[in-house]
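Below is one structure, written out as structure tokens; the observations come after it.
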Amino acid sequence: MATLRQQALAMVQARQRVSVTAPSFKISDYFGTNVFGPAQMKQSLAPSVYKKVMEAIDKGSKIDPATAEEIASAVKIWAISKGVTHYTHWFQPLTGSTAEKHDSFFDMYAGMEKFKGSALVQQEPDASSFPNGGIRSTFEARGYTAWDPSSPIFIFEKTLCIPTIFVSYTGEALDYKTPLLKSMEAISNAAVEICQLFDRNVRKVNPSLGVEQEYFVVDKALYNARPDLVMSGRSVYGHTPARGQQLEDHYFGSIPTRVKDFMMDFEIEAHKLGIPVSTRHNEVAPGQFEVAPIFEEINKAIDHNQLLMDVMDKVADKHGLKVLFHEKPFAGVNGSGKHNNWSLITDTGVNLFQPSNSARENLQFLAFLVGTVKAVHDHADLLRASIASASNDFRLGANEAPPAIMSTFLGATLTELLDELEKNGNVKIEKGDNMYMKLGISKIPEIILDNTDRNRTSPFAFTGNKFEFRAVGSSANCGGPMTTLNVIVADVLKTMAKDIEKEMSAGKEKKIAIVNVLRKYIKESKKIRFEGDGYSEEWEKEAAKRGLSNLKSTPEALDVYAKKATKELFERHNVLNAIEVHARHEIMLEEFIKKVQIESRVMGDLALNHIIPTAILYQNKVIQNANGLKGLGLDHSAAVDTIKELSKHIESLKSDVTAMTEARKKLNKEDDVVKRAKGYQKEVKEAYFDKIRYAVDKLELLVDDESWPLVKYREMLFIR
Ligand code: ADP
Ligand code: MG
């Protein structure tokens with residue numbers, strides 16, 4: 001009988017292309033057609049109602065029940081005209097994916113389709129199955145979802161989706177969106193204070209975000225034949241192929257036809273949903289690709305990224321493909337990240353990270369640049385924790401992706417500028433003197449933008465007019481890291497405003513006061529700046545010398561959430577209270593444990609039920625062969641060597657899997673979640689994963705190709 005692997009490979013051979021046609025040659029003809037956005041609202045709402053919604057979006061003001069009723073009615077008519085039968089509140093619980101609970105428009109008692117304003121604004125899903133970190137005891141499984149009007153309502157899979165926040169009965173956040181929205185307010189308040197030193201007209205500052213999403217694509221049949229991919233999103237075994245990424249010929253090479261069809265297809269769907277997807281290309285590893293939309297206001301960008309991942313997953317299915325968002329689905333080839341391009345834009349339209357020709361604006365630019373660098377310096381551990389997950393550990397711990405050491409890259413021009421400012425910034429202005437000229441910031445060359453030297457190894461790089469947080473994992477909800485970034489920068493900007501104020505009360509002129517504070521911050525945060533190769537061993541050593549943390553595993557990285565200072569920071573900015581921070585810490589630890597546990601079980605199961613039996617069968621064949629040779633009086637030493645080699649790996653596999661299971665059993669009795677997580681890291685993952693994998697991958701090389709049960713790397717990675 002053919003193995004599952006062989007059946008899957010036969011399915012791949014029989015694959016047909018799925019033809020894709022766009023609704024029109026012009027994207028503008030169908031962009032946003034599945035979104036109840038401002039244009040749609042303007043068309044279908046009374047002017048007074050429309051005005052109220054817009055105010056709610058801009059100022060966060062509350063929508064009254066009568067207005068909600070009118071909006072709901074308009075939304076219902078619009079949705080039904082598009083063949084929609086159900087609606088759902090769409091939210092982002094701390095599981096990392098999105099959640100929905102579908103309700104029908106059809107009202108059985110009234111005998112007609114109904115959608116009440118109250119159903120639009122608030123719902124009470126059964127929340128007992130979502131992680132809450134002990135905030136909500138299971139017997140009181142009430143959670144509320146509440147409409148977030150700043151992110152547009154959309155139609156996905158014939159369902160009307162209403163973006164919402166998700167909070168507990170007692171008001172604590174159970175999702176990513178609630179703290180994100182609060183962090184947007186925090187950073188706006190803090191940034192406006194600084195902006196006002198330069199321009200009194202600034203009233204609001206919006207963080208914006210552009211997400212570059214990396215992913216792998218494999219054939220669905222092959223995926224289904226790999227229990228490890230199905231269970232954990234990652235291949236726990238598999239020998240690297242002869243042709244890995246050594247040639248790097250995949251990067252910017254031509255995209256395989258089936259994948260291109262898939263890309264076109266999901267881009268069309270994304271565009272209908274108003275997701276401004278704009279670029280696509282191959283990535284470094286074979287089978288790896290990237291998609292990036294044009295940046296948007298941060299809350300929308302994050303909703304769009306979560307939605308895009310769902311869209312990609314659904315569309316891939318149609319093409320007989322599976323998208324892998326895991327950070328490290330294949331050992332030995334590059335992992336996937338999600339670069340978070342972040343900047344701050346004022347309501348007057350100025351990007352605060354955009355250097356310009358105006359000297360005054362450049363001082364403002366420097367204030368925000370230096371403030372952000374200082375935030376990374378002061379809160380490096382929090383930033384590290386914000387991207388910690390079991391799956392991202394496979395990237396950050398290894399020397400291939402931005403390392404677990406937080407640092408920031410500014411490029412040669414800005415580095416020189418900050419160094420100069422630090423050294424020579426002690427300016428005294430004589431009458432008629434041009435201070436900006438003296439400081440060398442009268443014109444920060446425009447070339448910075450085109451000229452930002454690209455350092456791909458930095459976890460947090462300045463790239464011309466924005467910062468790029470590159471250490472975020474490909475499967476992450478960006479809400480976690482972006483909330484943290486907003487809060488830590490807000491915190492530094494608040495202090496900065498106070499420090500400037502102090503200088504001014506001491507009689508310093510405003511410009512001088514600002515420069516003095518910046519100089520101080522530049523000095524204090526210097527050790528976080530690094531321009532070299534972040535993947536190198538030298539950097540690890542250098543970073544240790546500088547006293548920077550290098551927290552390679554999630555449980556270690558998460559310790560910072562237990563600190564009083566962390567709780568105070570989030571509380572100070574009204575983003576999370578101490579209970580919520582504590583809950584998040586627990587949820588992330590539990591999540592980590594669960595992931596390692598699942599992988600460990602899959603490893604054990606595959607080894608015992610698939611690999612060892614196959615290896616023994618093969619060993620029997622070799623034994624027969626050896627006996628045959630011996631009977632003929634021929635040299636059979638090679639066969640004997642193979643038998644011994646097989647035995648060695650089979651034995652070690654058996655004993656390691658048994659010992660790993662014992663280690664799990666012991667740890668599951670540990671009540672302290674921090675200790676349990678650290679135990680899973682050290683006593684399960686570190687103690688056994690590599691060892692067990694080594695034996696299996698050796699056996700893959702020994703056992704004949706035909707009987708090997710698992711789809712091989714070369715079969716998965718090079719898409720036909
Ligand atoms: P890369 O060279 O790293 O691929 P790009 O210039 O193509 O970078 O931009 C990557 C992402 O950054 C895109 O999503 C883009 O829209 C986004 N981006 C550009 N400018 C900004 C900005 N000011 N704020 C946030 N994101 C931005
Ligand atoms: Mg990038």
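Just so it is clear, the values below take in all heavy atoms, side chains as well, and ignore hydrogens, waters and symmetry mates. Treat the numbers as computed from the prediction; the structure is a model and nothing was measured.
Summarising the geometry, atom OG belonging to Ser458 is positioned 6.0 Å from atom CZ belonging to Arg470; distances are rounded to the nearest 0.5 Å. Taking CH2 of Trp342 as the reference point, atom OG1 of Thr372 lies at 4.5 Å (rounded to 0.5 Å). To the nearest 0.5 angstrom, Ser407 atom OG is 12.0 Å from His377 atom NE2. For the atom pair Thr240 OG1 and Lys712 NZ, the distance stands at 12.5 Å (nearest 0.5 Å). Remark: Asp559 CG to His585 NE2 distance equals 5.5 Å, nearest 0.5 Å. Rounding to the nearest 0.5 angstrom, the gap separating the CE atom in Met312 from the CD atom in Glu267 is 9.5 Å.
The two atoms that bring Ala677 and Phe592 nearest to each other are O-CE2, 3.5 Å, heavy atoms only. Heavy-atom minimum distance, Asn334 versus Lys328: C-NZ, 4.1 Å. Across all non-hydrogen atoms, the minimal contact from Ile387 to Met406 is CD1-CE, 3.9 Å. The two residues Phe469 and Pro459 come nearest to each other via the heavy atoms CD1-O, 3.3 Å. Considering every non-hydrogen atom in both Ala367 and Met496, the closest pair reads O-CE, 3.3 Å. Counting all heavy atoms, side chain and backbone alike, Val492 lies closest to Ala375 at CG2-CA, 3.6 Å.
Within the 4.5 Å cutoff, no side-chain heavy atoms of Ser474 are placed close to those of Tyr215. Between Thr554 and Lys595, every side-chain heavy-atom pair lies at or beyond the 4.5 Å cut-off. At least one side-chain heavy atom of Phe368 sits under 4.5 Å from a side-chain heavy atom of Leu493. Side chains of Leu366 and Leu418 form a contact here, defined as non-hydrogen atoms less than 4.5 Å apart. Annotation: side chain of Ile302 is not in contact with side chain of Tyr176 (no heavy-atom distance under 4.5 Å). Within the 4.5 Å cutoff, no side-chain heavy atoms of Thr98 are placed close to those of Leu307. Side-chain atoms of Tyr688 and Ser600, non-hydrogen and from C-beta on, never get closer than 4.5 Å to each other. Side-chain contact check for Leu181 versus Met184: some heavy-atom pair is nearer than 4.5 Å.
Listed by chain and number, the residues in a salt bridge (charged side-chain N to carboxylate O under 4.0 Å, His left out) with Lys563 amount to none (sequence neighbours excluded). By the salt bridge (charged side-chain N to carboxylate O under 4.0 Å, His left out) test, Asp419 is found to be paired with Arg529, residues two or more places apart in sequence or in another chain being considered. Here Glu590 pairs with Arg676 under the salt bridge (charged side-chain N to carboxylate O under 4.0 Å, His left out) rule; sequence neighbours left out. Judged as a ring pair (Phe, Tyr, Trp, His ring centres under 6.0 Å), and not counting sequence neighbours, the contacts of Phe266 are Phe262. Residues meeting the salt bridge (charged side-chain N to carboxylate O under 4.0 Å, His left out) test with Glu542, sequence neighbours left out: Arg546.
Each salt bridge (Lys or Arg N to Asp or Glu O under 4.0 Å) pair with one or both residues in residues 363-387, not counting sequence neighbours, appears once here: Lys374-Asp378, Lys374-Glu524, Arg384-Asp393.
More than 12 heavy atoms of other shown residues, nucleotides or ligands fall within 6.0 angstrom of atom NZ in Lys523. With a 6.0 Å radius and a threshold of 12 heavy atoms from other residues, nucleotides or ligands, Tyr694 has its OH atom at or below the threshold. Within 6.0 Å of atom NZ in Lys322, more than 12 heavy atoms from other residues, nucleotides or ligands are found, so the atom counts as buried in its surroundings. Counting non-hydrogen atoms of other residues, nucleotides and ligands closer than 6.0 Å to CE of Met231 gives a total of 12 or fewer.
Counted by atom type alone, Asn392 and Arg395 present one or more donor-acceptor pairs between their side chains at under 3.5 Å. For the 3.5 Å distance criterion, the side chains of Ser235 and Tyr713 qualify, holding a donor opposite an acceptor. Side-chain N/O atoms of Ser389 and Glu591 include no donor and acceptor closer than 3.5 Å. A donor-acceptor pair shorter than 3.5 Å can be found between the side chains of Glu327 and Ser475.
Panel note: side chain Arg234, backbone Asp228; no donor-acceptor pair is recorded below 3.5 Å. Judged by distance alone, with hydrogens and angles left aside, the side-chain atoms of Tyr521 form no donor-acceptor pair with the main-chain N or O of Gly371 at under 3.5 Å. Looking only at distances, no side-chain donor or acceptor of Ser343 sits under 3.5 Å from a matching main-chain atom of Leu352. Side-chain atoms of Glu468 do not come within 3.5 Å of backbone N or O of Asn340 as any donor-acceptor pair. Between the Ser188 side chain and the Val205 main chain, a donor and an acceptor come within less than 3.5 Å of each other. Judged by distance alone, with hydrogens and angles left aside, the side-chain atoms of Thr457 form a donor-acceptor pair with the main-chain N or O of Gly534 at under 3.5 Å. Side-chain atoms of Thr484 come within 3.5 Å of backbone N or O of Gly480 as a donor-acceptor pair. Put simply, the side chain of Asn351 gets close to the backbone of Asn465: a donor and an acceptor are under 3.5 Å apart. At least one donor-acceptor pair under 3.5 Å links the side chain of His271 to the backbone N or O of Val277. Judged by distance alone, the side chain of Glu531 and the main-chain N or O of Leu410 form a donor-acceptor pair under 3.5 Å.
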Requested in this report: For the pair Val236 and Ile692, evaluate side chain to side chain contact (heavy atoms under 4.5 Å, CB included) and give the outcome as yes or no after the intermediate values.
Outcome: CA-CA 10 Å; Val236 296; Ile692 291 176; over 6 Å; no
Query - Phe409 vs Thr415, side chain to side chain contact (heavy atoms under 4.5 Å, CB included): CA-CA, chis, key distance, verdict - result: CA-CA 9 Å; Phe409 168 88; Thr415 299; over 6 Å; no
Query - salt bridge (charged side-chain N to carboxylate O under 4.0 Å, His left out) between Arg226 and Glu715, intermediate numbers included - result: CA-CA 12 Å; Arg226 291 277 317 213; Glu715 292 156 346; over 6 Å; no
Query raised in the report: Do Glu212 and Asn341 pass the side chain to side chain contact (heavy atoms under 4.5 Å, CB included) test, and can you show the C-alpha distance, the side-chain angles, and the key distance before you say yes or no?
Result: CA-CA 8 Å; Glu212 298 168 70; Asn341 295 270; 2.8 Å; yes
**Report entry** Steps toward side chain to side chain contact (heavy atoms under 4.5 Å, CB included) verdict (Leu717, Phe216)
**Finding:** CA-CA 9 Å; Leu717 283 171; Phe216 278 85; 4.2 Å; yes
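A cation-pi contact, defined as under 6.0 Å to the ring centre and within 45° of the axis, links Lys685 to Phe394.
Classification of Glu568 and Arg572 as a salt-bridged pair fails, no side-chain N sitting under 4.0 Å from a carboxylate O.
Aromatic rings from Phe467 and Phe353 are positioned such that their centres are separated by under 6.0 Å.
When the options Lys338, His339, Glu290 are evaluated for a side chain to side chain donor-acceptor pair (under 3.5 Å) with Gln213, the one that passes is Lys338.
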